[in-house]
Amino acid sequence: MNRSSQSLMFSKAIDGYEKFKIAEGLSYRTIDAYKHYFSQWLEHREDCPIKEITSEDLREFLSW
């Protein structure tokens with residue numbers, strides 16, 4: 001399988017990131033804060049492949 005043609009979607013990355021942070025031992029309060037920011041991102045910009053997110057997208061989100 002050629003993985004280079006596939007891209008991880010932001011929503012899927014959130015799930016993996018959350019599981020990783022739980023395994024690291026972060027508090028659930030911290031993880032909930034991350035989830036809040038990630039849901040705001042998805043409200044601001046629809047789900048997209050991670051590789052398509054640019055620094056301009058991040059600037060727009062932070063100013064939003």
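Because the structure is a prediction, the values reported are computed rather than measured.
- Note on Leu62: it clusters hydrophobically with Tyr34, by side-chain heavy-atom contacts below 4.5 Å among ILVMFWY residues.
- Atom CD of Glu46 sits in a sparse spot, with 12 or fewer heavy atoms from other residues, nucleotides or ligands closer than 6.0 Å.
- With salt bridges taken as basic N to acidic carboxylate O contacts below 4.0 Å, one links Glu24 and Lys21.
- Residue pairs meeting the ring-ring contact (aromatic ring centres under 6.0 Å, His included) criterion with at least one partner in residues 38-57, sequence neighbours excluded, are Phe10-Phe38, Phe10-Trp41, Tyr17-Phe38, Trp41-Phe61, His44-Phe61, His44-Trp64.
- Looking at Asp57, its side chain does come within 3.5 Å of a backbone N or O of Thr54 through a donor-acceptor pair.
- Taken from CD1 in Ile50 to CD1 in Ile14, the straight-line distance is 7.5 Å, to the nearest 0.5 Å.
- At a threshold of 4.5 Å between non-hydrogen side-chain atoms, the residues Ser55 and Arg59 count as touching.
- Of all non-hydrogen atoms in Ile31 and Leu26, the two that sit nearest each other are CD1-O, 3.8 Å.
- For the pair Ser7 and Lys51, the tightest heavy-atom approach, listed with the atom from each and the gap, is OG-CG, 3.3 Å.
- Grouping the Ile, Leu, Val, Met, Phe, Trp and Tyr side chains by contacts below 4.5 angstrom, directly or via other members, places Leu58 apart from Met9.
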